[in-house]
Amino acid sequence: MADTIEAAGLAIHPGLLSPAEQRALLSDIAAVIRKAPLFRPTMPRTGKPFSVMMTNCGPLGWVSDKTGYRYQPRHPETGKPWPPMPDRLVALWRSLGAPAEPEACLVNMYDEGAKLGMHQDSDERTYDAPVVSVSLGDTAVFRMGGTTRRGPTRSVRLSSGDVVVFGGESRLMYHGIDRVLSGSSRLIDGGGRINLTLRRVTPWSDAPSL
DNA sequence: TAGTAACC
DNA sequence: GCTA
């Protein structure tokens, strides 16, 4: 395990999760996907499909369709509430010193060829809490930039078990996935990469009313 | 608008 | 810079 990289509130923790922890988490997520099947979001206005498949767990889930990006309490296809956040993810969030409790866990499934263009996580009503990202399965070529669309970017490989915390200035940094290195991990049967992003959507002061 | 093209 |  290499040293933790830290800059402007960004913390990359290579190999934070042991192989046993990765397998346990993957098992939790497989159960989530059985209850809340992966769906393919589409772009606002154009309706162009994402290459990434998604689902969520926790009280709120991120979705996108022709009408826009938003958080909502129910699966867009089944109409059912998102499955509960696994205890293991709440424990991870707390272990990283994040405030309150995570309200949303977006599950992104990358098959071979899937990618995600550069974007900011800015659909939340609060940016006080960090975004916590967990990588499972095949290695991703992750690109990160600054807090505006233009400017220099750098490329970082994220392997299974790596955890990234976007806090402080880095909370609104542009980032994306250039590609996934097929066959680089044996964690997921059939290959691919699963990324979990834990987020706080509403300010902590609003939380008791949830 | 988390996609994509096209042009440099 | 386009998209509906």
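Chain letters run A, B, ... following the sequence lines, proteins first and then strands; every chain starts at 1.
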Between P of B:dA2 and OH of A:Tyr71, the distance in whole Å: 13 Å

Quick one: name the residues clustered hydrophobically with A:Val141, using the 4.5 Å side-chain heavy-atom rule over I, L, V, M, F, W, Y, and just say none if it's on its own. A:Leu181

With side chain to side chain donor-acceptor pair (under 3.5 Å) as the rule and sequence neighbours excluded, what pairs involving residues 23-52 of chain A come up? A:Asp28-A:Arg88

Here the ring pair (Phe, Tyr, Trp, His ring centres under 6.0 Å) pairs for residues 108-130 of chain A, sequence neighbours left out, are A:His119-A:His175

Contacts of A:Glu21 that satisfy side-chain hydrogen bond (donor to acceptor under 3.5 Å, both in side chains) - sequence neighbours left out: A:Ser18

Nucleotide N/O to protein N/O under 3.5 Å, stretch nucleotides 1-4 of chain C:
| residue | atom | partner | partner atom | Å |
| --- | --- | --- | --- | --- |
| C:dA4 | O4' | A:Arg45 | O | 2.8 |

For A:Phe142 and B:dA2, give me the distance from atom CZ to atom P, rounded to whole Å. 15 Å

Using whole Å, what does the distance between atom C1' of nucleotide B:dA2 and atom CE of A:Met109 come to? 18 Å

Respond yes when some side-chain nitrogen or oxygen of A:Lys115 is under 4.0 Å from OP1 or OP2 of B:dT4, and no when none is. yes

The Watson-Crick or G-U wobble partner of B:dC8, with both key distances under 3.5 Å, is none

At under 4.0 Å between heavy atoms, what does A:Arg149 touch on the DNA or RNA strands: base, sugar-phosphate, or nothing? sugar-phosphate

Measure from CZ on A:Arg179 to P on B:dA2 and round the result to the nearest Å. 23 Å

Can you pull the salt bridge (Lys or Arg N to Asp or Glu O under 4.0 Å) pairs that have at least one residue in residues 139-152 of chain A, sequence neighbours excluded? A:Arg143-A:Asp178

